[in-house]
Amino acid sequence: MYSQMIASSLPIVGPELIMAGGAMLLLMIGVFAGERSAQTVTGLSVALIIIAGLWLVFVTPYGEAFGGSFVLDPFAGFMKVLVLVGSAAAVIMSVGFAESERFNRFEFPVLIVLSTTGMMVMVSAGDLITLYLGLELQSLAIYVLAAINRDSARSTEAGLKYFVLGALSSGMLLYGASMVYGFTGQIEFGAIASAITSEGRSLGLVVGLVFVLAGLAFKISAVPFHMWTPDVYEGAPTPITAFLAGAPKVAAMALITRFTVRGFEPLAVDWQQIIVFISIASMAFGAFAAIGQRNFKRLMAYSSIGHMGFALVGLAAASVEGVRGVLIYMTIYLAMTLGTFAVILAMRRKDGVVEEIEDLAGLSKTNPVMALFLTILMLSLAGLPPLAGFFAKYFVFMAAVEAELYALAVIGVLASVVGLYYYLRIVKLMWFDEPSTEFVPMAMELRLVLWAAALFIFPVYLFIGGPIFTAAEAAARTFF
């Protein structure tokens, strides 16, 4: 019986096995070949992620593995594709930075592959144990990545802060999970929902739910668990920040969605209140705190806090339309974030890297193509039509309105108006201020990511938005 369960489970976890086995192989190549293998390992890691993605899309069957602990359904498949795209883009964008900043270490792509494996497990988590295993596999690799530049005090500080606060959030999540198990006697999400339906609501169970949500909210840097975000974004090497801002947020949002909608559907009234609170707090704080920022990476940190708040608006609706909105939002958010960080990585002068927003002054005169694409990304982040960012916000706000969460939708719109200020400020600097010095030519890999992201935002999304909407709809119906 046990061997049959293993045999039937292996095809479902094929992409994760490819990633884990490939990471071990890449590690051995790096260890035996030394630092000169960094470029080879980087290229092979991108190939590995692509192979895992193709295997996921074309070979892997839907189903449950290991007795329901691991679930592959349309929702998991959709989010895993986003995770793999975000991770591959982060590795690709690191190539030029690694060479110019003496950052050529084979450990970097290996750690990203291992972290991505953890994210894929998170997305498919069917019970509390798999949830924790995936979360920690993802987090432990990122702790090391944040502090990987040992010669930089800022990088070391960023890694230490993320580790200490991450350990705290992990403890909160474990405490909450133990309470959920104690009051239901179950660890599998579907069984937890059934136990709640039959036994009813209890105060201890709600407390456990709050603690688990607090631990998960840390991973998406939602207020009030956002305190690590600005310092880690600014202190970590920029390719690590680009990785942090994309794929891990997608995986954590997928995990929160599955945990609440699948495991605690009978307590929707309770967790909706929590989600509404952190959504409003994140949108408001992200909008106002970003106004005074001068460092581009810190600005993106506060921007990401706000955008996670917008995505949570869809989850708060607790409906098919809401989950669909979350899926579309995370797809567009990933493209906007990767494109913006491609520009940040390209902010390099002959005397070194720069990160201040003022350094973009006059970019339209020195590099009009980069200025045009960054303008598209900034206006999309602000949510202006007809760019993809407008549709992302439209779907989550409409889900909130249909769920009669009118105040939440109104606050979201007002936060978008406030956020428009600092995005337009960057556009104004690029197009109306005089340039000081010119950036060195943009690396080919950064140009590739920037072009792909900006063109996806406009106009490609206008043509493929329909198929993305259909796929998101099918994925959202997994839970309803």
> Give me the atom names and distance for the closest heavy-atom approach of Ile328 to Ala472.
CG1-CB, 3.8 Å
> Are Trp271 and Phe264 near enough that their ring centres are under 6.0 Å apart?
no
> Under a 4.5 Å cut-off applied to non-hydrogen side-chain atoms, are Val71 and Arg262 in contact?
no
> How far does CG of Leu299 sit from CG of Asn295, to the nearest 0.5 angstrom?
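Between Leu299 CG and Asn295 CG, I get 8.5 Å after rounding to 0.5 Å.
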> Heavy atoms only: give me the nearest Pro386-Leu462 pair and the separation to one decimal.
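Taking every non-hydrogen atom into account, O-CD2, 3.6 Å.
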> Look at atom OH of Tyr421 and say whether more than 12 heavy atoms of other residues, nucleotides or ligands are closer to it than 6.0 Å.
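No - once you tally the heavy atoms of other residues, nucleotides and ligands closer than 6.0 Å, there are 12 at most.
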> Could you please spell out the steps behind the side-chain hydrogen bond (donor to acceptor under 3.5 Å, both in side chains) verdict for Thr337 and Lys249?
CA-CA 11 Å; Thr337 300; Lys249 298 288 180 70; over 6 Å; no
> Kindly confirm or rule out a cation-pi arrangement of Lys297 over Tyr233, judged by NZ or CZ under 6.0 Å from the six-membered ring centre and within 45° of its axis?
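Pair Lys297/Tyr233 does not count as cation-pi.
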> side-chain hydrogen bond (donor to acceptor under 3.5 Å, both in side chains), that's the test. Do Thr375 and Trp431 meet it? Break it down for me.
CA-CA 9 Å; Thr375 300; Trp431 292 95; 2.7 Å; yes
> Would you call the rings of Phe397 and Phe310 parallel, tilted or perpendicular if under 30° counts as parallel and over 60° as perpendicular?
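Perpendicular, since the angle between the ring planes exceeds 60°.
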> Rounded to the nearest 0.5 Å, how far apart are CG of Leu387 and CD1 of Ile332?
10.0 Å
> Looking at Pro74 and Ala475, what are the two nearest heavy atoms and their distance?
O-CB, 3.7 Å
> Would you say the side-chain atoms of Thr260 pair up with the backbone N or O of Ile256, donor to acceptor, closer than 3.5 Å?
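Side chain of Thr260 to backbone of Ile256, a donor-acceptor pair under 3.5 Å: yes, one is there.
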> What heavy-atom pair brings Gly134 and Met122 nearest, and what distance separates the two atoms?
C-CG, 3.4 Å
> Using every non-hydrogen atom in the two residues, find where Ala281 and Val223 come nearest and quote the distance to one decimal.
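Taking every non-hydrogen atom into account, CB-CG1, 3.6 Å.
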> Counting only N and O atoms by type, is there a donor-acceptor contact under 3.5 Å from the side chain of Ser45 to the main-chain atoms of Val110?
no
> Checking the side chain of Lys393 only, and the main-chain atoms of Ala382 only, is there a donor and an acceptor separated by less than 3.5 Å?
yes
> Decide side chain to side chain contact (heavy atoms under 4.5 Å, CB included) for Leu48 and Leu44; before the verdict, give the C-alpha distance in whole Å, the side-chain angles of both, and the deciding distance to 0.1 Å.
CA-CA 6 Å; Leu48 178 66; Leu44 289 174; over 6 Å; no
> Does the side chain of Met253 reach to within under 4.5 Å of the side chain of Met308, using non-hydrogen atoms?
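Counting from C-beta outward, Met253 and Met308 do come under 4.5 Å.
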> Are any non-hydrogen side-chain atoms of Leu338 and Leu450 less than 4.5 angstrom apart?
no
> Would you please test Val427 and Phe432 for side chain to side chain contact (heavy atoms under 4.5 Å, CB included) and show each step?
CA-CA 8 Å; Val427 175; Phe432 297 104; 5.8 Å; no
> In the structure I gave you, are the side-chain heavy atoms of Leu140 and Leu137 within less than 4.5 Å of one another anywhere?
no
> Find the distance between CD1 (Ile305) and OG (Ser282) and round it off to the nearest 0.5 Å.
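If we round to the nearest 0.5 Å, Ile305:CD1 and Ser282:OG are 7.5 Å apart.
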> Is any side-chain heavy atom of Leu384 less than 4.5 Å from a side-chain heavy atom of Tyr423?
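Leu384 does not reach Tyr423 side chain to side chain.
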> Would you say Thr229's side chain and His226's backbone share a donor-acceptor pair under 3.5 angstrom?
yes
> Using only atom types and a distance under 3.5 Å, with no angle test, would you say the side chain of Ser115 pairs donor to acceptor with the backbone of Leu111?
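No: the side chain of Ser115 does not pair with the backbone of Leu111.
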> Check this for me: Phe479, atom CZ, are more than 12 non-hydrogen atoms of other residues, nucleotides or ligands nearer than 6.0 Å?
yes
> Do the side chain of Arg294 and the main chain of Glu356 share a donor and acceptor less than 3.5 angstrom apart?
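No, Arg294 side chain to Glu356 backbone: no donor-acceptor pair under 3.5 Å.
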> Show every ring-ring contact (aromatic ring centres under 6.0 Å, His included) that has at least one partner inside residues 344-369, sequence neighbours left out.
none
> Passes side chain to side chain contact (heavy atoms under 4.5 Å, CB included), Val323 versus Val320? Steps please.
CA-CA 5 Å; Val323 176; Val320 174; over 6 Å; no
> What's the shortest heavy-atom distance between Lys219 and Tyr162, and which atoms?
NZ-OH, 4.4 Å
> Would you mind reporting whether Ser170 and Tyr132 have side-chain heavy atoms less than 4.5 Å apart?
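The answer is yes; the side chains approach within 4.5 Å.
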> Under 3.5 Å, is there a donor-acceptor pair between the side chain of Arg105 and the main chain of Ala38?
no
> Are side-chain heavy atoms of Thr130 and Ser124 found at a separation under 4.5 Å?
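Of all side-chain heavy-atom pairs linking Ser124 with Thr130, none is under 4.5 Å.
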> Between atom OG1 of Thr478 and atom CG of Asp73, what is the distance when rounded to the nearest 0.5 Å?
4.5 Å
> Show your working on side chain to side chain contact (heavy atoms under 4.5 Å, CB included) between Gln138 and Leu135 and close with a plain yes or no.
CA-CA 5 Å; Gln138 175 237 355; Leu135 200 65; 4.1 Å; yes
> Passes salt bridge (charged side-chain N to carboxylate O under 4.0 Å, His left out), Glu358 versus Lys428? Steps please.
CA-CA 11 Å; Glu358 280 71 16; Lys428 176 257 180 189; over 6 Å; no
> Measuring from atom CD1 of Ile344 to atom CG of Leu446, what distance do you get when rounded to the nearest 0.5 angstrom?
11.5 Å
> So, taking the atom named CE in Met227 and the one named CZ in Phe218, what distance separates them when rounded to the nearest 0.5 Å?
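Atom-to-atom, Met227:CE and Phe218:CZ are 7.5 Å apart.
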> Start with the C-alpha gap between Phe395 and Phe469, add the side-chain angles, then the distance that decides, and say whether ring pair (Phe, Tyr, Trp, His ring centres under 6.0 Å) holds.
CA-CA 10 Å; Phe395 287 121; Phe469 181 92; 5.4 Å; yes
> Output every pair passing side-chain hydrogen bond (donor to acceptor under 3.5 Å, both in side chains) with a member in residues 460-476, not counting sequence neighbours, ordered by first then second residue.
Arg324-Glu473, Glu473-Arg477
> Answer yes or no: is there a side-chain heavy-atom contact under 4.5 Å between Arg425 and Ile357?
yes
> Could you go through the ring pair (Phe, Tyr, Trp, His ring centres under 6.0 Å) check for Tyr302 and Phe285 one step at a time?
CA-CA 8 Å; Tyr302 288 109; Phe285 181 81; 5.8 Å; yes
> Could you go through the side-chain hydrogen bond (donor to acceptor under 3.5 Å, both in side chains) check for His307 and Tyr329 one step at a time?
CA-CA 9 Å; His307 280 284; Tyr329 200 100; 2.6 Å; yes
> Dump the intermediate steps for salt bridge (charged side-chain N to carboxylate O under 4.0 Å, His left out) on Asp231 and Arg154, then the final yes or no.
CA-CA 9 Å; Asp231 291 336; Arg154 287 201 313 169; over 6 Å; no
> Just by modelled atom types, is the Ala146 backbone N or O under 3.5 Å from a matching donor or acceptor in the Ser155 side chain?
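Here the side-chain-to-backbone pair exists.
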> More than 12 non-hydrogen atoms from neighbouring residues, nucleotides or ligands closer than 6.0 Å to CD on Glu402, yes or no?
yes
